[in-house]
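Inspection log for the structure reproduced underneath, given as structure tokens.
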2 protein chains.
Amino acid sequence: MKAHVPQTGSFRWEGIEVRPYAKDGTHFEGVTRQVLFEAGGSELRYFEIEAGGHSALERHDHVHAVMVVRGSGRCLVGAEIHDLGTNDLVSVPPETWHQFRAPDSEPLGFLCLVPSDRDRPRRPDEADLAALRSDPAVAAFIRV
Amino acid sequence: MKAHVPQTGSFRWEGIEVRPYAKDGTHFEGVTRQVLFEAGGSELRYFEIEAGGHSALERHDHVHAVMVVRGSGRCLVGAEIHDLGTNDLVSVPPETWHQFRAPDSEPLGFLCLVPSDRDRPRRPDEADLAALRSDPAVAAFIRV
């Protein structure tokens with residue numbers, strides 16, 4: 001990696017590829033992924049969710065450390081829904097359901113720090129969804 | 001750590017202490033440190049250098065992965081001086097002299113990702129300084 005990688009457009013960087021968020025699916029919508037750093041056993045990625053879009057509802061053993069750097073949005077962590085503003089921080093503990101949603105008016109962009117060596121995310125099965133939907137606020141929030 | 005840590009002021013966060021950058025010294029000026037995350041073997045810190053200030057000139061074995069998130073500035077990495085804008089990325093390789101400076105007009109704030117288990121920074125001795133100062137641009141840039 002070059003010592004200095006300038007931003008070339010709004011949250012786009014010289015030589016850093018804008019990648020698909022995940023394999024095709026209907027469980028996420030309007031999300032891109034850019035890997036900013038792979039260093040010291042960790043990766044720092046930038047995800048951007050377009051207006052009205054959402055990340056996958058998932059959980060895994062590794063921890064997500066998130067900092068919002070563009071726009072605003074909401075997230076589910078466990079059974080709680082949080083309103084997010086620019087520069088807010090989010091910690092997703094191990095094995096905790098989480099999903100990020102952009103508002104209809106603007107994109108939501110955030111940094112996400114993860115270990116390079118990590119387990120794969122798992123999506124909810126029917127029993128998981130039934131448990132999640134037992135809370136009306138969570139039922140209204142989640143997108144699958 | 002709470003799941004959601006809101007920004008409470010400009011680059012200040014609920015429950016996150018604003019710490020001194022390092023022990024007292026004249027080798028840095030006007031720098032604060034906030035540890036945003038300790039997760040998965042890494043730490044993500046936010047450093048802010050006030051207008052006209054500078055970080056220490058130092059090197060170490062661990063890698064620094066930096067993203068500017070507030071203002072602008074300049075940095076030395078090895079023998080090169082880079083102009084930095086908001087959202088620019090900087091990679092400092094192992095054992096590479098580096099120093100960040102804020103402009104006189106505004107603070108420079110940046111995220112810095114490091115391994116939790118890392119070696120201590122080392123400052124230049126007289127021979128190191130003589131070598132650095134053999135380049136006039138570097139000589140004019142560095143603050144010790």
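Just so we're on the same page: letters track the sequence lines, and every chain starts at 1. Worth knowing before you read on, the calculation uses all heavy atoms, side chains too, and leaves out hydrogens, waters and symmetry mates.
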>> On a heavy-atom basis, which atom in A/Asn87 and which in B/Trp13 lie closest, and how many Å separate them?
In response: O-NE1, 2.5 Å
> Is it the backbone or the side chain of B/Val63 that comes under 4.5 Å from a heavy atom of chain A, or both, or neither?
Replying inline: side chain
> Which residues, numbered in order, of residues 78-86 of chain A come under 4.5 angstrom of chain B by heavy-atom distance?
Replying inline: A/His82, A/Asp83, A/Leu84, A/Thr86
> Looking only at heavy atoms, which two atoms of A/Ala3 and B/Val77 are closest? And how far apart?
Replying inline: CB-CG1, 4.0 Å
> Same cluster for A/Phe37 and A/Val69 if Ile/Leu/Val/Met/Phe/Trp/Tyr side chains link at under 4.5 Å?
Replying inline: yes
> Do any of residues 132-144 of chain A come closer than 4.5 Å to chain B, heavy atom to heavy atom, and if so which ones, in number order?
Replying inline: none
>> As an exercise: rank A/Leu111, A/Val90, A/Val114, A/Leu44 by heavy-atom pairs under 4.5 Å with chain B and give me the winner.
In response: A/Val90
> Between B/Leu113 and chain A, which part of the residue has a heavy atom less than 4.5 Å away: side chain, backbone, both or neither?
Replying inline: side chain
> Where does B/Val66 contact chain A at under 4.5 Å (heavy atoms): side chain, backbone, both or neither?
Replying inline: backbone
> What residue in B/Pro115, B/Ser91, B/Gly40 has the most heavy-atom pairs under 4.5 Å with chain A?
Replying inline: B/Ser91
> So which part of B/His4 gets closer than 4.5 Å to some heavy atom of chain A, the side chain, the backbone, both or neither?
Replying inline: both
> Are A/Phe11 and A/Val5 connected in the hydrophobic side-chain network, where two residues link if heavy atoms are under 4.5 Å apart?
Replying inline: yes
>> Between B/Leu108 and B/Met67, is there shared hydrophobic-cluster membership here, with clusters defined by ILVMFWY side-chain heavy atoms closer than 4.5 Å?
In response: no
> Hey, quick one: are A/Val68 and B/Ile16 part of the same hydrophobic cluster, counting side-chain heavy atoms closer than 4.5 Å, chains of contacts allowed?
Replying inline: no
>> Other residues, nucleotides and ligands only: do more than 12 of their heavy atoms fall within 6.0 Å of CG on B/Asp125?
In response: yes
